[in-house]
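One structure is given here, and the rest of the page talks about it.
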Amino acid sequence: MPLSRTPQRRTDTIDNGDEPICNRSHNPAFSHILNSRLKRRQVLRGGLSAAVAMVLTRPSLGSLFTGTPATAATGKLGFSPISVSEADTIVVPEGYRVQTLIPWGEPITGTYPSYDLGNSGRDQGMQIGQHHDGMHFFPIEGQSPDAGSSQDGLLVLNHEYIEPRFLHAAAVGLTLNAGEVPMNADGPRDTDQVLKELNAHGISIVRIRQQDNGAWEVVRDAHNRRITGLTPMELAGPVRGSEFLKTRYSPEGTATRGTLNNCAHGVTPWNTYLFCEENWAAYFRNGDPEASLPREQTRYGVRREMSRYGWERAESQGDEYVRFDVSPRGNRPQEDYRNEANGFGWVVEVDPFNPNDTPKKRTALGRFAHEGVVFQPAVPGQPVVCYLGDDARFEYVYKYVSTDPYNPATASGELLDRGRLYVARFDENGSGEWLPLVFGEGQLTPENGFSSQADVLVNTRTAADVAGATKMDRPEWGAVDSETGAVYLTLTNNTRRTEDQVDAANPRPDNAWGHIIRWREAGDNPTATRFEWELFVLAGPEDDSETLQGKGLDETNIFASPDGLWFDLDRRLWIQTDISESVMNQGKHAQFGNNQMLAADPDTGEIRRFLTGPIGQEITGVVSTPDQRTLFINVQHPGATTSGEAFAAGSVTSRWPDHSPTLYPRSATVVITKVDGGVIGT
């Protein structure tokens, strides 16, 4: 159909990606707690408080978190740091080499259709999806993630969202900005475009193998699989079968279709893959003018107007598309899709070694904008413990403790169906408490509007509001130090901080820089309900940042907006950045260059820049082979800084990785090895 040159534009009142500010509670914000803790100290250089340095290097830090003084050298970082870069390429230290692997559109299954801008929606369902994100390498033997082959395995990766203007050949010539949909705002959408967008979401499972020359290649294999926005899924855990999940598609409330906006990930102790649904809410609309939206929609950002991509307006009115309109149309949930959105916002589990495994949404882990999930090392006979972040401004940090103990011989995803979910309260004295989100405990009672544990979990954010959790600045990726048990978490930024919140300890209104915190459970017991927390690094410009070493970031490590986070087997902490397109387009990123990846020593706080990416992207997803001689990272949405006017004129800011004037930029995985075959980072 002809496409309008006046496309539907996304709302301006958005949070990360597409989510509006939804937390209207009066709970304290983390910035307020941090200010209260630090404001009584004298001012240091650049407006930062002396107390920041004291918080970062207080005498108890060594014993509490590392066992090594912050000034002692441990030699974990053996490479020379690289400079910031604004080049449209991958830059790594001398002695390293890179290979591009599985870009968007790479065929991996079915009839293996070759990539072409004119690929159909069906073709996309057999190809690597768009916008690579969280990722893990599973050795082909299917054993522990840290054992087995380092030359042959399954690479499993998420696809967070899509770029419609790069996805469709018909988008050429339209004045579209990032994320806009090529459509008439008041008309239907081309059905095959909608199918292609749904199939570009989800995850990819692909077997890869290292050749004799050191390069990696895709293997045509029965394990290869695409899981998309249309794949049938099972609902498991306490919410299964509840009134919240009953729809026309699943009157029993036990199933749904598809997964959306998969950001970071997790790997279970029993070697399955978890993919996490982040900014899913705006994929739905409820245009019912007669009724107020229920809290399970308003607290998450379900829209009144057109959904994010307008899938409900597909020319074909099949229910696989209509379901994105959750407006009530009858008297019962089974007559419409009013509960369809309740089937999203979960952590989803799949066994990558079983191509017939039905993915399961583990509802006991709560419903929110999941960034990822990270586990404490599992101990036989003890509960399984994991941590989760809700990636939105002023949202929360969570912890899950299984009811049943871990048994390596019998462990399965059922451990994620029975347990207690907690939310974090950070106190200004450096301690904190895990507050239970359990029906009947505390304020989570019928008197306060909760009817069951299913109600608590579907409305996890509201339950956390009532419990008194601390509002955080976009909690994203987590990582656990396997030696100390300390948990690290990135807080990417909070540009909603206003001038009246500024003081000597937090002198940055409209703060785009972010920081990393870490905590350690009381008594080193992962199931404890108390913890101690500290700052690990304040990101930002040289005069507005702080490290464990008591100094600002410099030309070797300056960065902003920490996002991805991962510990390798030698306890190097890898940090990835996601400076938003809006910041980059305003030129505020210049001192930081393109998004990057750094490595940190958790004992000394030393940080060095290891990699920079091409233009307009974010660096995300990081994992190595068991021998640590191959490192995989993802480059997401290169060219996202392209303006609508430039796009209409046939110009984009990036042509990575093909660097062809006839091809759009493509997200892809990057393989990093050392020329001498050594361990990455040494």
So Pro107 and Met126, do their side chains get closer than 4.5 Å, heavy atoms only? no

Of the non-hydrogen atoms in Ala178 and Glu163, which two are nearest, and what is the gap between them? CA-OE2, 3.6 Å

Rounded to the nearest 0.5 Å, how far does CD of Glu395 lie from CG of Asn27? 10.0 Å

Quick one: do the Asp465 and Thr462 side chains pair a donor with an acceptor below 3.5 Å? no

Does Gln124 reach the main-chain N or O of Glu197 with its side chain, forming a donor-acceptor pair under 3.5 Å? no

Within the distance-only criterion (no hydrogens, no angle test), does the side chain of Asp88 pair as donor or acceptor with the backbone N or O of Arg655 below 3.5 angstrom? yes

Polar contact flag, side-chain donor to acceptor under 3.5 angstrom, Asp563-Thr492: no

Okay, side chain of Lys471, backbone of Asn23: is any donor-acceptor separation there less than 3.5 Å? no

If you measure only the distance, is there a donor-acceptor pair under 3.5 Å linking the side chains of Thr259 and Glu277? yes

From Ile227, Ile128, Asn262, residue fulfilling side chain to side chain contact (heavy atoms under 4.5 Å, CB included) relative to His159: Ile128

Within the structure provided, determine whether Ile90 and Pro614 are in side-chain contact (heavy-atom separation under 4.5 Å). yes

Return yes if some donor-acceptor pair links the side-chain N/O of Asp473 with the main-chain N/O of Leu491 below 3.5 Å, else return no. no

Test Glu278 against Glu160 for side chain to side chain contact (heavy atoms under 4.5 Å, CB included), laying out the working first. CA-CA 8 Å; Glu278 192 192 29; Glu160 184 175 6; 2.7 Å; yes

For Pro475 versus Asp390, what's the shortest heavy-atom pair and its separation? CD-O, 3.0 Å

Measure from the side-chain N and O atoms of Asp192 to the backbone N and O of Gly121, and report whether any donor-acceptor pair falls under 3.5 Å. yes

4.5 Å side-chain heavy-atom contact, Ser545 and Ile558: no

Any donor-acceptor pair under 3.5 Å linking the side chain of Gln576 with the backbone of Gly621? yes

Assert yes or no for the condition that the ring centre distance of Tyr664 to Phe647 is strictly below 6.0 Å. yes

With side chains defined as the heavy atoms from C-beta onward, is the minimum distance between Tyr161 and Asn279 less than 4.5 Å? no

Here the gap from Ile203 atom CD1 to Leu157 atom CG, rounded to the nearest 0.5 Å, amounts to 8.0 Å

Interatomic spacing from CD in Glu371 to CH2 in Trp477 - rounded to 0.5 Å: 7.0 Å

Backbone N or O of Ile579 within a donor-acceptor pair of the Asn595 side chain at under 3.5 Å? yes

Atom CZ of Arg285 and atom CZ of Arg304: how far apart are they, to the nearest 0.5 Å? 9.0 Å

Heavy-atom check, side chain of Asn634 versus side chain of Asp133, under 4.5 Å: no

Verify whether the ring centers belonging to Phe368 and Tyr396 lie closer than 6.0 Å. no

For the backbone of Gln127 and the side chain of Arg226, can you confirm whether one donor and one acceptor N or O come within less than 3.5 Å of each other? yes

Is Asn286 close to Pro328 at the side-chain level, that is, under 4.5 Å between some pair of heavy atoms? yes

Tyr321 six-ring centre to Arg189 NZ/CZ under 6.0 Å and within 45° of normal: no

In terms of relative ring orientation, are Phe592 and Trp513 parallel, tilted or perpendicular, with 30° and 60° separating the classes? tilted

Under 3.5 Å, is there a donor-acceptor pair between the side chain of Tyr300 and the main chain of Ala341? no

Trp104 side chain near Tyr115 side chain, heavy-atom distance below 4.5 Å: yes

If you take all heavy atoms of Pro657 and Ala668, which pair is closest and at what distance? CG-CB, 4.5 Å

Do Gln617 and Ser654 pair up side chain to side chain, a donor and an acceptor below 3.5 Å, judged on atom types alone? no

Give me the ring orientation class for Tyr283 and His201: parallel if the planes are under 30° apart, tilted from 30 to 60°, perpendicular past 60°. perpendicular

Could you give me the CA-CA distance, side-chain angles and deciding distance for Glu320 and Arg257, then say whether salt bridge (charged side-chain N to carboxylate O under 4.0 Å, His left out) is met? CA-CA 8 Å; Glu320 67 269 38; Arg257 282 169 295 184; 5.1 Å; no

Hey, are the side chains of Thr109 and Arg225 touching, using non-hydrogen atoms and a 4.5 Å cut-off? no

Could you tell me how the ring of Phe284 sits relative to the ring of Phe344: parallel (under 30°), tilted (30 to 60°) or perpendicular (over 60°)? tilted

Between Gly372 and Cys276, the two heavy atoms sitting closest are CA-SG, 3.6 Å

Leu631 vs Met597, side chain to side chain contact (heavy atoms under 4.5 Å, CB included): CA-CA, chis, key distance, verdict: CA-CA 12 Å; Leu631 189 72; Met597 183 169 74; 3.8 Å; yes

Measuring from atom CG of Leu117 to atom CG of Leu663, what distance do you get when rounded to the nearest 0.5 angstrom? 8.0 Å

Can you check side chain to side chain contact (heavy atoms under 4.5 Å, CB included) on Leu174 and His168, steps first, answer last? CA-CA 11 Å; Leu174 297 180; His168 305 303; over 6 Å; no

For the student: nearest non-hydrogen atoms of Thr642 and Thr653, plus distance: OG1-N, 2.9 Å

Nearest 0.5 Å, what's the CZ-CG distance between Phe559 and Leu598? 6.0 Å

Check: Gly616 main-chain N/O paired with His637 side-chain donor or acceptor under 3.5 Å: yes

Would Gln591 and Val84 satisfy side chain to side chain contact (heavy atoms under 4.5 Å, CB included), going step by step from the backbone distance to the final call? CA-CA 8 Å; Gln591 60 197 313; Val84 298; over 6 Å; no

On a heavy-atom basis, the closest approach of Arg338 and Asp336 is NH2-OD2, 2.8 Å

